[in-house]
There are 2 protein chains.
Amino acid sequence: MTSILSNTELLILEAARKVFIHKGFAGARMQEIADEAGINKALLHYYFRGKDQLFEAVFAQAVASFLPMIKDVLEAEIPFREKIVKFVDTYVDLLLANPHIPAFVIQELNTDPLRFVDKLKNYGINPEILFEQIKMDVKNGQIREIRGDHFIVNLLGMCLFPFIARPVVQGMLRKSNEQYELFLHERKKEVVQFVMQSIALS
Amino acid sequence: MTSILSNTELLILEAARKVFIHKGFAGARMQEIADEAGINKALLHYYFRGKDQLFEAVFAQAVASFLPMIKDVLEAEIPFREKIVKFVDTYVDLLLANPHIPAFVIQELNTDPLRFVDKLKNYGINPEILFEQIKMDVKNGQIREIRGDHFIVNLLGMCLFPFIARPVVQGMLRKSNEQYELFLHERKKEVVQFVMQSIALS
DNA sequence: GTCTATACTCTGATAGAC
DNA sequence: GTCTATCAGAGTATAGAC
């Protein structure tokens, strides 16, 4: 998977990533990608067949950088509470390193849902393992009775939302960029605490 | 605000809303909007000056249909717990009626953040009132100690995420359209319960 | 107010030299 | 592999008849 790709090819991919993520598929311009990569427009077509295929490469990479990690943690064989902590920690760190990926994926998924349905299935995240784990812990009196599907959506929502909707949220909270970065870091602790408190037996 | 607008103008706005929300600004085509409205392309320019201004009208309407409600509830003078229930209920219902608005707003806000910064300020949601309310309830021993900024992000994230990321979430949970609709309705109860449990004194 | 026809710009893609 | 030059199509916008 690594560096069978030529130097120029990587340059193009990186430039394309920047532009596509910033502007979306429809808003991106091949010329801008070429400029960003410091090469000529024709080279884009030489390495990739066209805009569609270049985008496809970028999108696949974006998805590949996120879904497998969710999958691994969710399906790991560790206790439920431990899993939550690990998930939030690693996931928010991943988001801090790639803050624009989720909005990008969601945006393109919404404008063209069918294009990638099959791709998503390849990463087939199976939440059943987590659901079973929750049922077990409920039965054993470890946690209060909760539903797995709603729980996972709550968890994902709390982790992802401040990244996806950053402009709105940051504006609403009247935070500077530095303050918001700090805020995002804090969320690891805060989300875990919020969840732990909620699943505890009352 | 109502029906000073001509019939055709409303027809155009409604068509533009559909197309812009579905395709985004860059992906939308004036021709498609004209077709959707059942009129000619030139009429779009007659009523609105061009694509930019037509989009502006649609976007403003989309924002206007959501932010004021958040503001009203957040700033209302009712007890904290009551406010949460009311917020989740009314907000999720609003989302059920307009499920594509949030992703649309976020998408355009991300691709062109500067364009609407001032517009958002007009709706200036002031979360300070809620923060003060939380501090008061904490002091009075009504709820455990929580931070207002993280709390509001948690709440918004849990409400909005299943709408914004519907394709991914629905696929992950392997739900049919009908099942997912039901799931979204259920969230009103589930989110409230999740939050209430979390803010309770332990 | 609404239509047809058209001008003009932008952009993705290709041809062909080096 | 990389560049310059250019084509063909799409898309916004406008002119002008009715």
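Worth saying up front: this structure is predicted, and the values here are computed from it rather than measured. Labels below follow one simple rule: chain letters A, B, ... track the order of the sequence lines, proteins then strands, and each chain is numbered from 1.
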Q.
Among C:dC3, C:dG12, D:dC3, which nucleotide has an atom closest to any side-chain atom of A:Ile39?
A. D:dC3
(Q) By nearest atom, which of the nucleotides C:dG1, D:dT14, D:dG1 is closest to the B:Tyr47 side chain? (A) C:dG1
Q.
Distance check needed: C:dT14 P versus A:Lys51 NZ, whole Å only.
A. 15 Å
Q) Between B:Leu43 (CG) and D:dT14 (C1'), how many Å, whole number? A) 13 Å
Q: Calculate the interatomic distance between B:Gln31 atom CD and C:dA5 atom P; express it in whole Å.
A: 13 Å
Q.
So, OP1 or OP2 of C:dA13: does either fall under 4.0 Å of a side-chain N or O from A:His45?
A. yes
Q) Within this structure, what is the CD1-to-P distance between A:Ile33 and C:dA13, rounded to whole angstrom? A) 11 Å
Q: For A:Leu44 and C:dT11, give me the distance from atom CG to atom P, rounded to whole Å.
A: 14 Å
Q) If you measure from the Lys or Arg side-chain nitrogens to the Asp or Glu carboxylate oxygens, is any gap between A:Glu181 and A:Lys175 under 4.0 Å? A) no
Q | Selection from D:dT12, C:dT2, C:dG12 that lies nearest to any side-chain heavy atom of B:Arg29 | A | D:dT12
Q) In terms of side-chain geometry, is the basic nitrogen of B:Lys188 or B:Asp93 positioned less than 4.0 Å from the acidic oxygen of its partner? A) yes
Q) How would you label the contact of A:Ala28 with the nucleic acid (heavy atoms, under 4.0 Å): base, sugar-phosphate, or nothing? A) sugar-phosphate
Q) Has the side chain of A:Tyr180 got a donor or acceptor atom that lies under 3.5 Å from a matching backbone atom of A:Pro162? A) yes
Q.
Please report the distance, rounded to the nearest Å, between CG in A:Asp52 and C1' in D:dA10.
A. 15 Å
Q | A:Asn154-B:Glu190 side chain donor-acceptor pair, cut-off 3.5 Å | A | no
Q: Mind calculating the distance between CD (A:Glu56) and C1' (C:dG12) to the nearest angstrom?
A: 18 Å
(Q) Let's see if you can work this out: which of C:dT4, C:dT2, D:dA13 has an atom nearest to the side-chain heavy atoms of B:Thr8? (A) C:dT2
(Q) Output the rounded distance in Å from OH (B:Tyr46) to P (C:dG1). (A) 5 Å
Q) Should the ring pair B:Phe80 and B:Phe151 be called parallel, tilted or perpendicular, given that the plane angle runs from 0 to 90° and is split at 30 and 60? A) tilted
